[in-house]
Amino acid sequence: MIEVSIYRYNPETDKFPYMQKFEFTPPEREIMVLELLTLLKEEDPTLSFRRSCREGVCGSDGMSINGKNSLACITPLSDVLQKNKIDLRPLPGLPVIRDLVVDMTEFYNQYEKIKPFLQNDQPHPEKERLQSPEERSKLDGLYECILCACCSTSCPSFWWNPDKFVGPAALLQAYRFIADTRDTRTEERLESISDPFSVYRCHGIMNCVNVCPKGLNPNKAIGEIKKTLLLRKESGNELIAKSGGT
Amino acid sequence: MKVLNSKNIKKMDFDALIIGGGGSGLRASLELAKSGLNTAVVSKVFPTRSHTVSAQGGITCAIQSADPNDDWKWHMFDTVKGSDYIGDQDAIEYMCAEGPKAVFELEHMGLPFSRTESGRIYQRPFGGQSKDFGKGGQAARTCAAADRTGHALLHTLYQNNVKEGTNFFNEWFAVDLVTNQNGEITGVIAFSVETGEVSYLRSEATVLATGGAGRIYASTTNALINTGDGLGMSLRAGFPAQDMEMWQFHPTGIHGAGSLVTEGCRGEGGYLVNGDGERFMERYAPNAKDLAGRDVVARSMVLEIIEGRGCGPNKDHVHLKLDHLGEDVLNSKLPGICELSKTFAGVDPVYKPIPVVPTCHYMMGGAPTNIHGQVFHQTNGTEAPIQGLFSVGEAACVSVHGANRLGGNSLLDLVVFGRAAGKHINEDLKSGGGVAYANEDDIDKSLERLNCLNESSEGYEVGEVKRELQDVMQKYFGVFRRGEFMEKGTKMLVDIREKTNNLYLKDKSESFNTNRVEALELQNLLEVAEATAISALERTESRGAHARDDYPERDDKNWLCHSLYDPSQKKLKKRDVNFKPQTMEPFPPKVRAY
């Protein structure tokens, strides 16, 4: 028997959110936290949460599990139980719609802001554009993001400025297009995030790296962006210095 | 709760409405958004949560990267043979010939394909692929982005829809089609899951891109959202479904969890072994071995298990051996599989084999369409398109997969026919096409299902009935089928229909009510399950994925045809297979050996 404590809030009936406790006897086989929720939902059909692929690739069921943002479908219950207790809450920092379901609008807005699509000003070749395996390997660790929001909603900078700080997930994608040899708008991409908030609110807290269920490293990508911005500034200054000298 | 009617719900108008935000829907919407039509995508999940994201191994297409002499006609031959000769040859020809264009477009859109040393798209071998019309040995024709091709494809399509400014109704659930007095489809009733607000989304063209319904089975590789919503809607509206007995069981689902392990594992050199450590596929398919058609491999595995040569304490699965490929190949070519295997089987494939078992994977059947995505129905023996209704992707049966789909052909199907439907709708609407208005009664009729659930004060629990349905399908309509068992299963479905008609919706609230969504999904599953059961029972032969031990032979005399399930009569009709490709001689039926 374990004790499951779940954040409950229905805007139509609850003035305030509350934690509801369930007593639960898990089956003998290993189950994931998502299955725990599914079984509890059979007892209480009003329990609301998102889920889709149930194998960690669609990014629907990010939530705070015993205080750590994770995907419920690939988190084994036995790994996270503490003294036979488990605590499930919605992802922090975003408005709660109901129970474990958060409003991800701010998160998606930041994603759209970085223009998450390839831009290439050259006419398309008849076949594919060529890219060497080395060039392609620069996208590894970037394109695999599933937009689950575990990283951005674990980031204190994103909690403070969800409208101005792009956040680790969208910055990872910003770098995915900067790093892509097929994209020709690198300069424009860099310029659009060169303000004091978009990238520079990242203070390297590293929560994003700790929670990413896909093992990605947004912090490293952000570091690369900052480095590129710095080099760009330096080379820009250099040009100014040169033109000033003549 | 207030009773919903045509006067108290919101109405919105569109040129084109795409139901479903997976690969086929997003490819269609992209085409339409670019053409300037007022297009909206209605998706019950945020689009990148759609099941296309789970596709792993790749998209099969003769782009002549791995082999400069590759030919789309060889791909066509393989697909026709794979379909056990009931795939429509005009549609297969179109898919294989248009394929390269559609794949290069994806690359131009930014899809991060894996690459060869010369910088071209990487292609790997997949099951059922050959060179030179089956005479030249194994081909390598499946274009891949590591083993995350579906993820890469879906995200790329979503990104390009963002670029083109497509309207998205994300987390909106489509309930039923609205049919006007002329029998034309004029859009759908849908509601926002977040707010519960119900609307009539009126449209000149409605595209069902709702994917498969693998959740009719207890064990499936499919996402929890694969509940056949589009097919449920069209069956309830009285329209037929084609080849519904044809369900693909993927050879390698992880034992217990059901998660997919790509055929690309065997393409890269992995193979199956039984409890005696024997590479048993050599006995069943001496030439293609582990890369025979999926139906052939799945049946061989089940036979090994039935005959007592399974693995594990219960001898109820076989092993997929990959360790001989080495850590480097596994990490670079199959990184997602290593991750899934560790999570769901507790096994690192670098050292140990993955326990696998055939698992429901893909619905070859669906709404019968032509290559433009137009859905057809038969009245008094003549065929006509249903005005305003289109279908693409797994929800549709165009039919390129016939009785058995080849690996890598589903992603190609999505983009080729999503694109084709988009182009057709654009041309049609710009040349004056469209549908008449629906009246109030028409709209009210499509609100009945929702009203009935909202008013329920007692009845059956959603979770319980769903499990019952899935168990019946798993038990009586699995890899091997037999008339007497299927009759029993079909009778049980009659009782289950009674229950799905009388579900109790305990949660009546408006905001993010997943109880309501799951109840509506269950009713869709039942429609699909019933169509499957009756079609399977009535097709008295074995062909492709439909294997009956009471009719073990293929019967071309009686069954070289599509089955067409008519929901109003609950009976099966026959429909001719197309043997008329446009540019070449058709491939005549032959004995299918690998």
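We name chains A, B, ... by the order of the sequence lines, and we start the count at 1 in each one.
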Self-check item: Top contributor to chain B contacts, counting heavy-atom pairs under 4.5 Å, from S132(A), G56(A), S60(A)
Solution: S60(A)
Quiz item: Is chain B contacted by the side chain of E144(A), its backbone, both, or neither, given a heavy-atom distance below 4.5 Å?
Solution: both
Quiz item: Highest number of heavy-atom pairs under 4.5 Å with chain A: which of K506(B), E518(B), E171(B), R120(B)?
Solution: R120(B)
Quiz prompt | Which of C145(A), S137(A), G215(A), C148(A) touches chain B most, by non-hydrogen pairs under 4.5 Å | solution = C145(A)
Quiz item: Quick one: what part of F49(A) sits under 4.5 Å from any heavy atom of chain B, side chain, backbone, both or neither?
Solution: backbone
Exercise. Select, from E30(A), R51(A), E112(A), the one with the greatest count of heavy-atom pairs under 4.5 Å involving chain B.
Key: R51(A)
Quiz item: Which answer fits S118(B), side chain, backbone, both or neither, if we ask what part of it has an atom under 4.5 Å from a heavy atom of chain A?
Solution: backbone
Quiz item: For T116(B), is it the side chain, the backbone, both or neither that has a heavy atom under 4.5 Å from a heavy atom of chain A?
Solution: backbone
Self-check item: Audit row: N170(B), Y108(A), side-chain contact (heavy atoms from CB on, under 4.5 Å) steps and yes/no
Solution: CA-CA 12 Å; N170(B) 291 336; Y108(A) 295 136; over 6 Å; no
Self-check item: Steps toward side-chain contact (heavy atoms from CB on, under 4.5 Å) verdict (V101(A), E194(B))
Solution: CA-CA 9 Å; V101(A) 179; E194(B) 184 184 333; over 6 Å; no
Practice problem: Looking only at non-hydrogen atoms, find the nearest pair between P112(B) and L139(A) and report the distance. | Solution: CB-CD1, 3.9 Å
Quiz prompt | Candidate pair E107(B) and R136(A), rule salt bridge (charged side-chain N to carboxylate O under 4.0 Å, His left out), full reasoning | solution = CA-CA 12 Å; E107(B) 195 283 329; R136(A) 166 59 183 77; over 6 Å; no
Practice problem: Start with the C-alpha gap between K127(A) and Q64(B), add the side-chain angles, then the distance that decides, and say whether side-chain contact (heavy atoms from CB on, under 4.5 Å) holds. | Solution: CA-CA 10 Å; K127(A) 295 185 174 177; Q64(B) 302 176 322; 4.2 Å; yes
Quiz item: At a heavy-atom separation under 4.5 Å, does L106(B) approach chain A through its side chain, its backbone, both, or neither?
Solution: neither
Quiz item: Side chains of H155(B) and L147(A): closer than 4.5 Å at any heavy-atom pair?
Solution: yes
Quiz prompt | L340(B) portion near chain A, given a 4.5 angstrom heavy-atom threshold | solution = side chain
Practice problem: Go through the atoms of L47(A) and report whether side chain, backbone, both or neither lie under 4.5 Å from a heavy atom of chain B. | Solution: backbone
Quiz item: Does the side chain of F512(B) reach to within under 4.5 Å of the side chain of N10(A), using non-hydrogen atoms?
Solution: no
Quiz item: Is there side-chain contact between E42(A) and R467(B), with heavy atoms separated by less than 4.5 Å?
Solution: yes
Exercise. Mind listing the closest non-hydrogen atom pair of E128(A) and F104(B) along with its distance?
Key: OE1-CE2, 3.1 Å
Quiz item: For the candidates H51(B), E117(B), R516(B), which exhibits the highest count of non-hydrogen atom pairs separated by less than 4.5 Å from chain A?
Solution: E117(B)
Quiz item: Given the options T221(B), N226(B), V193(B), which has more heavy-atom pairs under 4.5 Å with chain A than any of the others?
Solution: T221(B)
Exercise. Heavy atoms only, distances under 4.5 angstrom: which of V57(A), T38(A), D103(A), D140(A) has the most pairs with chain B? Name it, please.
Key: V57(A)
Quiz item: Where on K41(A) is there a heavy atom nearer than 4.5 Å to chain B: the side chain, the backbone, both, or neither?
Solution: side chain
Self-check item: Non-hydrogen atoms of H108(B) and E126(A) that approach each other most closely
Solution: CE1-O, 4.5 Å
Quiz item: Does some side-chain heavy atom of R115(B) sit less than 4.5 Å from a side-chain heavy atom of E135(A)?
Solution: no
Quiz item: What is the ring orientation for Y143(A) with H151(B), classed by angle as parallel under 30°, tilted 30 to 60°, or perpendicular over 60°?
Solution: perpendicular
Exercise. Find the one option among M32(A), K115(A), Q173(A) whose heavy-atom pairs under 4.5 Å with chain B are most numerous.
Key: M32(A)
Self-check item: Heavy-atom proximity to chain A below 4.5 Å, by part of K163(B)
Solution: both
Quiz item: Shortest non-hydrogen contact from T514(B) to S48(A)?
Solution: OG1-OG, 3.6 Å
Quiz item: Counting distance only, does the side-chain N/O of S52(A) pair as donor-acceptor with the main-chain N or O of R49(B) below 3.5 Å?
Solution: yes
Quiz item: When heavy-atom pairs shorter than 4.5 Å are enumerated against chain B, which of T46(A), D180(A), T75(A) gives the highest number?
Solution: T46(A)
Quiz item: Is the shortest heavy-atom distance from the side chain of F113(B) to the side chain of R129(A) under 4.5 Å?
Solution: no
Practice problem: Using non-hydrogen atoms and a 4.5 Å limit, figure out which bit of R29(A) sits close to chain B: side chain, backbone, both or neither. | Solution: neither
Quiz prompt | Closest non-hydrogen atom pair between L224(B) and R54(A), with its separation | solution = CD1-CB, 3.9 Å
Quiz prompt | Region of E510(B) in contact with chain A, defined by heavy-atom distances below 4.5 Å | solution = both
Quiz item: Do R98(A) and S509(B) have side-chain heavy atoms sitting under 4.5 Å apart?
Solution: yes
Practice problem: Answer with side chain, backbone, both or neither: which region of P125(A) has an atom nearer than 4.5 Å to a non-hydrogen atom of chain B? | Solution: both
Quiz item: Among G150(B), S114(B), A223(B), which residue forms the greatest number of heavy-atom pairs with chain A at distances under 4.5 Å?
Solution: A223(B)
Practice problem: Name the region of N222(B), side chain, backbone, both or neither, that has any atom closer than 4.5 Å to a heavy atom of chain A. | Solution: backbone
Quiz item: Non-hydrogen atoms of chain B under 4.5 Å away: do they reach the side chain of L34(A), the backbone, both or neither?
Solution: side chain
Quiz item: What part of L260(B) gets closer than 4.5 Å to chain A, counting heavy atoms only: side chain, backbone, both or neither?
Solution: backbone
Quiz prompt | Taking every non-hydrogen atom, the tightest pair across C53(A) and S54(B) | solution = CB-OG, 3.9 Å
